[in-house]
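Here's the structure, in structure tokens; my notes come after.
Start at 1 and go down the list; that is how both ligands and their atoms are numbered. It should be emphasised that the depicted structure is a prediction, and the values quoted were computed from it without experimental measurement.
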Amino acid sequence: MFFPASIRSFATVATTRNPRILVTGSLGQLGTGLVSLLRNKYGAQNVIASDVRKPSTDIKKAGPYVFADVLNFQQLETIVVDQEIDWIINLSALLSAVGEQHMERALAINMSGFANTLELAKKHNLRIMCPSTIGAFGPTTPREMTPDLTTMRPTTIYGITKIHVELMGEYYNKRFGVDFRCLRYPGIISADTEPGGGTTDYAVQIFHSALKEKKYNCYLGPETTLPMMYLPDCLEGTVSFLSAPTESLTQRTYNVAAFSFSPQEIAAKIKERIPEFEITYAPDSRQKIADSWPKSLDDKMARKDWGWTNKYDLDGMVDDMLTKLNKE
Ligand code: AKB
């Protein structure tokens, strides 16, 4: 049966009371910061953080935290019903490099886990957001200023599962009116939280090594340019996208970009600030993955439709990362 999107619009929820939000996979690189921003905006008690691990005491103190495994539909549904959830943000995923090592688990979490949350969104009238990635593109995609709609033949399990997320979410939106929203994130650089198992992780590790050891051995070659973004921009952008009026969205999946750099470019920026720093290169299996991804993204639709903008450029990000990590 076809339900027009307007019937399932969530504008009513947003205008009558703050949304109640469940964030899955909240202990990953993005989750802690996203939960905290959402709590500032919508109230601490309205944002339920969840994951399959024990949280730190600080996280536990900051607001509600529950165990939630995206593979367990019934358990998720209990949380959605008991906690009167309106929005679900599914951050549970295995990233590109680790996904190649644990293919079955990546398929399960990234596809079946997402399918559970999407089905819950349909059944309980939820807004659902699940990130996609530059990894959804592939070696036959145009690599410069890659647009939202283009050739997409990813060659990693991660990319394949994220294309699945995009297509299934858009299908549920068209067919059942589910308010599905999706951003294609570039590599995310963060000071307080560590990435895990991605191809772009080097862009975080390099800062830690530069400060501790004054050297870094990079697993990607010097000229491997990839799109990147600083975490504060990623989080602000995500919250703004989540709260954008449904009518402003002309599509459901958007590229978002900030700047691009290669290992030799970021190393030069660090060396300007830490002159003793030296980088060496030992490309491994992640090189092939990085070579199949875009060098830069065209995100004009996100900028036009819901006002996406990045505050940090490359120099601003490098300065802020070094300041924050130096304080630790
Ligand atoms: C990864 O490297 O796998 C992720 C991504 C770009 O989605 N950081």
Side-chain angles (χ1 to χ4, degrees), residues 25 27-34 89-103 105-107 109-111 113-114 129-139 141 143 146 148 152 154-166 169 182-208 218-221 224-235 237-238 241 253-263 266 283-297 299 302 310 317 321:
L27 297 181
Q29 186 189 19
L30 271 50
T32 315
L34 188 61
I89 301 171
N90 183 344
L91 299 181
S92 310
L94 258 65
L95 300 187
S96 55
V98 77
E100 292 306 291
Q101 285 148 19
H102 303 281
M103 193 182 117
R105 186 126 187 94
L107 285 172
I109 308 271
N110 300 10
M111 283 184 28
F114 172 68
M129 194 268 169
C130 185
S132 184
T133 162
I134 50 170
F137 298 107
T141 301
R143 298 194 69 199
T146 305
D148 285 319
M152 301 185 82
T155 47
T156 61
I157 277 299
Y158 176 57
I160 291 165
T161 61
K162 286 298 181 179
I163 281 280
H164 172 90
V165 165
E166 294 182 9
C182 179
L183 295 177
R184 286 193 194 121
Y185 292 141
I188 305 297
I189 300 156
S190 52
D192 310 325
T193 48
E194 305 254 332
T199 301
T200 59
D201 293 10
Y202 92 86
V204 177
Q205 293 163 2
I206 195 169
F207 285 95
H208 290 272
C218 187
Y219 58 76
L220 296 181
T224 315
T225 301
L226 290 170
M228 301 278 182
M229 183 186 291
Y230 196 31
L231 182 72
D233 279 336
C234 169
L235 300 180
T238 303
F241 178 55
T253 303
Y254 289 90
N255 286 349
V256 279
F259 41 78
S260 293
F261 59 77
S262 63
I266 190 74
D284 67 14
S285 57
R286 288 167 280 193
Q287 183 67 50
K288 199 166 162 226
I289 300 178
D291 287 342
S292 74
W293 289 355
K295 291 178 188 223
S296 58
L297 295 184
D299 62 357
N310 57 301
M317 177 277 288
M321 277 294 281

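For the pair Thr224/Pro263, a side-chain contact is recorded, criterion being any heavy-atom separation below 4.5 Å from C-beta on. At least one side-chain heavy atom of Pro131 sits under 4.5 Å from a side-chain heavy atom of Leu91.
In this structure, the side chain to side chain contact (heavy atoms under 4.5 Å, CB included) partners of Met111, at least two apart in sequence or on a different chain, are Leu107, Thr161, His164. With sequence neighbours excluded, the residues satisfying side chain to side chain contact (heavy atoms under 4.5 Å, CB included) with Ala302 are Tyr254, Val256, Trp306, Trp308.
For the side chain to side chain donor-acceptor pair (under 3.5 Å) condition, the pairs that include at least one residue of residues 187-201, sequence neighbours left out, are Gln29-Ser190, Ser96-Thr199.
Of all heavy-atom pairs spanning Cys130 and Cys182, the tightest one is O-SG, 3.2 Å.
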Atom pairs, nitrogen or oxygen, ligand 1 to protein, under 3.5 angstrom:
| from | atom 1 | to | atom 2 | distance (Å) |
| --- | --- | --- | --- | --- |
| ligand 1 | 2 (O) | Thr199 | N | 2.7 |
| ligand 1 | 2 (O) | Thr200 | N | 3.0 |
| ligand 1 | 2 (O) | Thr200 | OG1 | 3.3 |
| ligand 1 | 3 (O) | Ser96 | N | 3.1 |
| ligand 1 | 3 (O) | Ser96 | OG | 2.5 |
| ligand 1 | 7 (O) | Thr133 | OG1 | 2.7 |
| ligand 1 | 7 (O) | Tyr158 | OH | 2.6 |
| ligand 1 | 8 (N) | Thr200 | OG1 | 2.9 |

